[in-house]
Structures are given as structure tokens and as C-alpha cells.
Amino acid sequence: MGVHTPPGRRAFLKRAAALGAAAFLRPASGRGAAPSRFASYPFTLGIASGAPRPDGFVIWTRLAPDPLAGGGLDPFPVEVQWEVAHDAGFRRIAAKGNAIARPERAHSVHVEVEGLEPQREYHYRFMVGSDESGSGRACTAPRAGAPARLKLAFASCQQYEQGFFVAHGHLADEGVDLIAFLGDYIYESSWGSRHVRKHGTPPPRTLAEYRNRYALYKADAQLQKSHAAAPWIVTWDDHEVENDYANDRGETLDSTFLARRAAAYQAYLEHMPLRTSVMREGGEMRLYGRHEWGALATLHLLDDRQYRSHQVCAKPNRGGSNVVGPQCTARLDPTLTLLGTEQERWLDAGLGESKARWNLLVQQTLFSTAARVRENVRNYWTDGWDGYPAARDRLVQSLVDRRAANPVIVGGDVHATYVADVHARTDDLASPIVATEFCGTSITSQGPNAKATDALRAANPHIRYANGEDRGYVVLDIRPDKLEARLRAVATVKLEDAPVSTRASFEVAAGRGGIARG
Ligand code: FE
Ligand code: CA
């Protein structure tokens, strides 16, 4: 640390002191592990669970006594104990074991717990030496084909500087079974106005820098509470790496981009409750996958960043997005793909095979057409599905052809809530409704004003609701006969204890596409 302690670190140290974190040397236990010394409490980044199946889930933590400066551990493996119990008091242990926190994975721990009962609530925690983590609540998915109900929350976009994670504090109290986080978990850059706190470091480029950025975010108490409340499933968007990146291409066309992406991908894995098998050959991170919730729901979790075609009609000497009119004919190129050919095929096959009552497409961004009309000309933002309209048409056709039951598309990215009917021909209201879309607003990241969202809605009548001024998340209560969506909005993100309320709610009846206002 230099003379100036960044505000983020100051706030963190204040919180750590408030938690009573001891700052004395403490030997780590560990049979077979090299000796290590913790200068202070190692569970500063909390705990998490994720990727639930009928027989288990992942539990995660990372040892980081000095989280904002590389973690603070010597480069030796450390043995960590874990427990999963039926009760919050840990009297009835369901499973336990040891795991090794390795320096090459930033001393993170990803335990794939197995052998649990389906559709049950569990509690978990970690121990190292005489230190104990907080405890978290997780639940297993229902057995294949079993009747079920699912309370699912989804959220996205949490620029740290623009607000406190007050929405996460409330999300933790919703009693949901599962939380889907749809990207922009960190922001690599500082932007926006009226900051309540600072990153305190320049945009990360190296593995060490991305680790420190994740640590800054994960030290947030309200985010930790949200992780501890329920298992998460996660996909990412651009800011986990760099604004508007596409596949192997960064926004500035920097020739070292793939090295930066590799660092960012690894740091992401180290900080998320993922199965480590997501890490594949050639630097691929296989986030897309299917999560089943009994007979009730199949969640098709998608990744629209890693495999996409480059954005068309970019600005001169740039990658990334643009807003383009009809002169950009490349936008209509049928070979453009947002998911990549392999993921498109995988999704099409999965929609055909799904026997679930509801099929949720869980992805990053606004699916529906959102033309921006300027002087009677329809313009489109090329970073989202509007930049890849042929790929969107293929997906809509796949929904029609595969007859997937009750498709519902959820998304984030655009820092505004959009509720839309997805028609067979996306901007033709006369064509049948084939899916319903709920694109949720951001946790903190600032969104468009009412003038902008009103204009968008007027120009795109399939969008039934638009609001860019709320920050919050969406809770879906999914039952066999209907899906209810509640838009939860916090009063402000500038105060850590701001209240939450329901801004609007909507219903989708099974067997009938389209939205009923609740
Ligand atoms: Fe965002
Ligand atoms: Ca984004």
C-alpha cells in the first residue's frame, strides 16, 4: 500500500474490523500440506454454492487473509475442511471432507458435493486451522421427472462504484431456491456518475489484477449474503473481461487480447461456484449447460460472449458495438452467430429433448428487437441480439419447430427492465407469440432514462413494459400452471440500507404465450 489507501480498501478494512477479524499469526492445519501462516481471518471473500443437481451442488470459498493484495498467502497448498449439514446448527452432518486450496487457483476451493437427497435444503461451511467460515444455505434440485415448484431470482450488472449492493441484501431474504446471475459480475472499468465508492485501481489486465478486482467485489457484505442464501448458476457478459469484447476480439483490437481474456477467464472460475470441469482445452470455459428442475423446468443457460461473430459495422479501427441504420447491410448476414454454431446446435437439440413444463432460456441480454428510431430511421445496437438478427430468427424458428413447452427468455445487460412478447416474426404483432421475455434491470449499473425507454417502447410495441430507472432484480415463482414474475426495485443504490418494493408483476399462464399484467 502506498500513502493513499483506496476507499474500497478502507471500507473493507472497516468492515473486517467490525466483523472482529483477528489480526494475529495463526498456523494453518493441514496433513500433507506445506506449513502456512495466516496474518488474519482467511474467509474474507465469503462462501458460495452453485450448480445444483438432484444429488448435490458445488460449494466454494477462497482463502484470502489479504484479499485486495493477491490474497496474502504463501505459494503453498493449504488443506481446508468442509461440512454439509441438514440443519443450520450443524448437528446432523450429511457430508464432510477435505479439499486442497492451491496457489495456482488463488487458494480457491471448489468442492463438488455428491450423495445428497433431492429437493432438500442443506447448510455448509468451511474450516481451516481454528478459523471457520460463515455458513450458507443451499438446496438440491428435484429428482428427474418429479413434481416441483421453483422460486428463481435473476440479476445482472453490478458496477461497484455506482452503488451499494443493497439489492443483493434484499435478494438474500426472498427465500428463493436458485439465483441466476447473468453477467457483469465485475466491471473492469470505471465509468458513470455519482460514485459511492471507488475501484481504486486501474482496469485489470493480468491474472493478479483480475483476482484483486474480484476480491474487491466479493468482500462486499451484501453480495456475500446473497451467495450464502441460495445456490447460484452463472453466465458472464463482457465486463468480466473487457467492454464489448466478442470472442477473440477486444474493443481496441489489441493484439494481446487473448492473453487478457485467459487471465480474466481464470479469475472468473476462481471466484465462482462452478464445477471446475467447465475449464476446457484451448482456453474455452464451457459455461453453457442445462440445469434441470424436476418435471417443472429446464434452464438452458447460454453464453453469448465467447463464441459470437464479431460485431458488424464497428467504428473505424475499433471492435465492439455501434448503433447502425439500414446502410449496415452486413447486420443481416445469415452467417452471423451470437452463440456459435456448436452452442446453437446444442440448444436446438436440447429444446427438442426437453420434457419439462417450462423451458427457460437463461442468457445475457435483451432478446427482443429494440429499434431506436431517429428521424424515421430504425437504428439497432449491434452488441445484442439486434446485431445478429438472423441468429435470433434461427432461435425463434427452433422454438417453433422443437415445440419446447412454454419458453421464457430471461436476460440482463441493458440496465433496464423489458417485458416482451416474442412473436414468430419478432416485430410482427400479427404473428403468433412463441415465447415471453423478462429482461431484468441491473443491481447497480446506471440505466437509460424514462424518455429513452418510452421512445423504445413506442417504436417496438411487442415490448409491453420498459423501465430503466429502477435498480434491482426479478423473482420468478414457477408452478406447473403459471409463472409469476415480480420486478423488485430498491429505493436507491446510494444508501446501504435502502428498502425494496415490488414495482410491477406479471403472469404467464402455461399453454398460452404472452404476458398478463399482474
Ligand atoms: Fe452491464
Ligand atoms: Ca454488458
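Counting starts at 1 for both ligands and their atoms, following the listed order. Because only heavy atoms are used, hydrogens play no part in the values below, and waters and symmetry mates are left out as well, while side chains stay in.
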From the N, O or S atoms in [X], identify the one nearest to the Ca ion (ligand 2).
| X | result |
| --- | --- |
| D184 | OD2 |
| D413 | OD1 |
| D238 | OD1 |
| D237 | OD2 |

Exercise. Is it true that atom CZ of R280 has more than 12 heavy atoms of other residues, nucleotides or ligands lying nearer than 6.0 Å?
Worked result: yes
Problem set entry | Option from L338, D304, L182, L347 for which side-chain contact (heavy atoms from CB on, under 4.5 Å) with Q363 holds | D304
Ring centers of [X], [Y] separated by less than 6.0 Å:
| X | Y | value |
| --- | --- | --- |
| F506 | Y465 | yes |
| Y268 | Y185 | no |
| Y217 | H199 | yes |
| W236 | F181 | no |

For this session: Work out how many protein N, O or S atoms lie closer to the Fe ion (ligand 1) than 2.8 Å.
Result: 4
Problem set entry | Ring-face cation contact, Y160 with R197, 6.0 Å cut, 45° max | yes
Exercise. Within 45° of the axis and under 6.0 Å from the centre of the six-membered ring of W293, does NZ or CZ of K151 qualify?
Worked result: no
For this session: Let me know which of D238, D237, D383, D244 forms a salt bridge (charged side-chain N to carboxylate O under 4.0 Å, His left out) with R308.
Result: D383
Exercise. N/O/S atom of D383 under 3.0 Å from the Ca ion (ligand 2), yes or no?
Worked result: no
Exercise. For the Ca ion (ligand 2), does an N/O/S atom of D244 lie at less than 3.0 Å?
Worked result: no
